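First comes the structure, then the notes that go with it.
Fair warning: this is a prediction, and the values are worked out from it, not measured in the lab.
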Amino acid sequence: SPRPFFVEFGVGLGFVGMGLLAAQFVITGRFRSIAPVFGADVVLQFHRQAGVVAAAVIVAHPVVLIAADPDYLEFFDPRVNVLRALALTTVIPALLLLVATSLWRQRTGLNYEWWRLTHGTLSLLVVFIGMVHGIQVAGNLGVLWKKGVWAGVLVGAMYLVVHSRVVRPQMMKRRPYRVAEVREEVPGTFTLSLAPVGHVGMKFRAGQYAWMTVGDSPYSLQQHPFSFSSSERSATLCFTAQAVGDFTSSWSDFEPGRPVFLEGPYGGFTLDADSTGAVFIAGGIGVTPVMSMLRTMLDDGDDRRVVLVYGNPTSAEITFRDEIRALEEGLALDVVHVLEKPDEYWDSEHGFIDGDLLRRVLPPDCRNYEYFICGPEPMMDSAESALRDMGVSWRQIYTERFQIV
């Protein structure tokens, strides 16, 4: 039967909100066909913003309905239907907690592993309640096939979480790795070398990353993404990171032979085979995926011209400094070091990587190159804006942020 406009509008908000929420499971499902097209940065930033929009739409669903017809308050009355009331009074706080812990995780000090568990659990809870609620009360789903479509979409979304947490770890268990070596590059920065056990190892493209779990089982809350720092041609897989968190701070204590599991490779932060050249803009440990690309180029005898603009606080913190100097001899590579706090003997660039510096150091014929930016977020924002102001198309710019959540 026909209902007032704002009642139908409120019901529509429920469908739209749940549809947006279900789509987030696909976006974050680590599908290799998605991230290479748009980039992991763009995908995850979109996920964060779309998640906030989905939450706002879902919260607006009961607000609009109750404003249009106060009789809808009985959906929250346990005297009418205790299970329905319990579910609906649970889902809104769960949704708000889901958003709050995602936006302010670091500010509140929530441990990454527990955030990851909480994020997945709350997402499943909200979607499950939304699916059951829609089937039970929405007159728009009166026909069986409509209920089937509604349930199929949301069950499919929930399965993606199960696949990520259960099926993929089982696949990782069949292809284990072991720690071959731990090497300190500069104080506080370590390279972890992994060797495959009983298989040929993971094939990846330089600039990509993998999710790492250390321990006897891949079924662990502790899973972190790291960019490869080794060449595609290397027999071992190398990852380089600063000891800034509980996990990376433990790398120096890893003994050879310790079990490690990898999921991947992922990411589209990779050099196109048809590009005429590349400009790498890196800050601190953001040079890691760049080193993977440069090492691969050296192994392949790639003679394309490349430029590395590499920023660090001090000269003592320049990771891979000696190897970068050697790469200048073996590649058509120009390196511009930029120090925030140079000493009195420093004769190269100093300050920050910004538009003025890039206009000064980049060659005039690099307009058609690919540009790769990785490092601290302020540096990345500044460099990306500067390149756009210089006329570089956004299609030529690739970014990789290490601090996304």
I'd like to know whether [atom1] of [X] has more than 12 heavy-atom contacts from other residues, nucleotides or ligands below 6.0 angstrom.
X	atom1	result
M390	CE	yes
H224	NE2	yes
Y219	OH	yes

Salt bridge check, [Y] against [X]: does any charged N sit closer than 4.0 Å to a carboxylate O?
X	Y	answer
R79	E74	no
R305	D334	yes
R183	E185	yes
E349	R360	yes

Subject >> Check: F261 ring centre within less than 6.0 Å of Y177 ring centre >> reply: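 No.
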
For the side chain of [X] and the backbone of [Y], is there at least one donor-acceptor N/O pair under 3.5 Å apart?
X	Y	answer
S229	C238	yes
T89	L86	yes
W211	G264	no

**OP:** Could you grab the distance from atom OG of S217 to atom CD of Q222, nearest 0.5 Å is fine?
**Re:**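 S217 OG to Q222 CD: 11.0 Å, rounded to 0.5 Å.
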
Original post:
So F247 and F226, would you call those rings parallel, tilted or perpendicular, with 30° and 60° as cut-offs?
Top reply: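 Tilted.
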
